[in-house]
Amino acid sequence: MALARVRSLTFTVSPPIWSSTRPVTTNGSGRVAPSRLRRLAAGLDTTAIVSGVLGRAKPRDIRYYVSSMSLEGVNRSAERFVTTLAREGGMKLAPRIFSHPRIPLEKDAVRQLRDAAQLPGVLDVVGMPDIHVGYGVPIGCVIAALDIVCPAAVGYDVNCGMRLLTSPLRAGEVNPKRVADEIAKRIPLGEGKNNYALDKKSFRRLVNKGVPGLADVDIPQLAKDLRHDWELVSEIDNIEDRGSLPANANACSDGALKRGRTQLATLGGGNHFIELQAVDRIEDEAVAREFGLFKGQFVIMLHSGSRGIGHQVGDDYMALGRQIADKDRREMVNRELPYFRLSEKHADDYLGAMNAAANFAFINRHLMALLVKDAFLTSYPGVRLKLLWDLAHNIAKFEEHLGNRILVHRKGAARAFGPERMKGTRFAHTGQPVLVPGSMGTASYVMIGTEKNADTYASINHGAGRVMSRIAASGRSRRGRDLRGRRAAISDEDFARAMEGIYLISENIRTVKEEAPQAYKDIDLITEAVVGAGLARTVARLKPLAVLKG
DNA sequence: ATGTAC
């Protein structure tokens, strides 16, 4: 973000937002010239660098956001892809939204950002270009905090995430229909259980350890189902946090554990999918080569999460947060935004339970990938798929940002570490891969983070983001409206046209329209915003051949 | 997202 340099300026400030983008050289008290004030008020210039002292940060690392203006509504900043909201009411800071000018901002999602900015102890609120309404906090945002954790800022689908498997084959050498059918035989789609139920004790041990815990667990039926020999623990350097977060399964309710025990290696419903894809375009030859990607290549993308256990953990702890707030007469911004102070035991419990669910999700995707690999190897003897990357896009984690330990909540936002933060890994020269799916039937992207994404706490969008509610999309309600308030049901014909040439296996044909391409924002436009804002770069564009949906 | 609500 380009920062204006001013000699002097009178203002009150929101909490500091650290940025490594530029050192501060100017002085921060005094008056601002009327011409500049007009620019600020017009939203052309909403940031200013000043020196100052606040908190533990070094003065030169601080950028204050001007918040003394009472600006109405949303201000378009001079930066084409950044919108800074006016700070008003009880907001602790001015949230920013990275988006594309051609994508209209959903009013209710913006309101949710304002609400989140009122949380006590919140440091920063940043909307992603795929932002849309979620429970309490929008999907497609980053909430940075110093001393609270907010379960709604993680969401119900803890560690919903992406995984990409690469093949050495060209798409023309593969029959996607056959592969999709083979996968469907092995992985339950939609609401469903598997044959890999674990006893309570083994399950607890497994989710405490994450993917590496698969070494110690015995799943006889899985061994029978797999026709080839696989190391259960493999490729963990290609999983975010090596598939293992510091978990405490004892902080999960019995109900949460019970739901999890029977759902390993199941896809789930909603926007979860397995997609067979072809590499459509290479945008960065050197990085693509490092990642083992080439034009025309056959790859498989998987999108799933923590299923019942994550949902239950979210439910349990949001209920607990509300209960405690009521008991202690602690104020909540609204009923959907309970939170815990990090000094409270409940915060540790939530984070431990959340990480147990997160580990479940890593294991879930890992096992499904194994079944996919096995299916593929059966159809194409000698061809083993390789894991490029597995990432979490619904999670809260402690990270260093400019010398401070910050709890970064990413809800529908993907971590996008550049090369610097990937030191000591095989991605030290490229940055981590970031997997960004479009909607069913449209393109997906492989991206890499830059060193310039401190503004979003090293995060980018997690996908395309809805533009139409589920109810509106499936036409279940006559009063169905899209998120801009227009009446919009998708006809069967329109749906078929959007999916033309793509082989679709769907568990529930009645609800699959909720995931229609028309219900989502334009992934190419969103990617343009992310690249334009300097948050990430594109490596490859992928197009769908076949989709398996819950 | 979700044993798609208590």
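When reading the values below, keep in mind they use all heavy atoms of this one structure, side chains included, and skip hydrogens, waters and symmetry mates. Numbers restart at 1 for each chain; the letters A, B, ... are given by sequence-line order, proteins then strands. This structure is a prediction, so every number in the text was calculated from the model and none was measured.
- Listed here is the closest heavy atom pair of Ile363(A) and Val211(A): CG1-N, 3.7 Å.
- A sub-4.0 Å separation between OP1 or OP2 of dT4(B) and a side-chain N or O of Arg470(A) is absent.
- Look at CG on Leu267(A): it is 8 Å from P on dT2(B), rounded to the nearest Å.
- Between the side chain of Asn248(A) and the main chain of Gly352(A), no donor-acceptor pair closer than 3.5 Å is present.
- Residue contacts shown for Glu507(A) are absent, as no nucleic acid heavy atom lies under 4.0 Å away.
- A cation-pi arrangement is present between Arg330(A) and Tyr339(A) under the rule of less than 6.0 angstrom and at most 45 degrees off the ring axis.
- Following rounding to the nearest Å, Lys513(A) (NZ) and dT4(B) (C1') show an atom-to-atom distance of 18 Å.
- No engagement by Gly134(A) is indicated, since no non-hydrogen atom pair under 4.0 Å with the nucleic acid exists.
- Within the 4.0 angstrom heavy-atom criterion, no nucleotide atom of any strand lies near Gly305(A).
- Here dT2(B) presents its C1' atom at 10 Å from CD of Gln312(A), a figure rounded to the nearest Å.
- Between the CG atom of Asp315(A) and the P atom of dT4(B) there is a distance of 12 Å, rounded to whole Å.
- Near DNA chain B, meaning a heavy atom under 4.0 Å from it, residues 150-161 of chain A has Tyr156(A), Asp157(A) in order of number.
- Mapping Glu191(A) and Glu515(A) onto DNA chain B by nearest heavy atom places Glu515(A) closer to the 5' end of the strand.
- In this structure, Ile471(A) atom CD1 and dT2(B) atom P are separated by 17 Å, rounded to whole Å.
- Remark: C1' of dT2(B) and NZ of Lys549(A) are 15 Å apart, rounded to the nearest angstrom.
- Within 4.0 Å (heavy atoms only), Gly314(A) reaches no atom of the nucleic acid at all.
- In this structure, His303(A) has its ring center at least 6.0 angstrom away from the ring center of His462(A).
- Taking the six-membered ring for Trp and the full ring otherwise, Phe291(A) and Phe427(A) have centroids separated by under 6.0 Å.
- Taking the centre of each ring, Tyr350(A) and Tyr317(A) come in below the 6.0 Å mark.
- A donor-acceptor pair under 3.5 Å is absent between the side-chain atoms of Trp389(A) and the main chain of Asn238(A), judged by distance alone.
- Between the CD atom of Glu514(A) and the C1' atom of dT2(B) there is a distance of 12 Å, given to the nearest Å.
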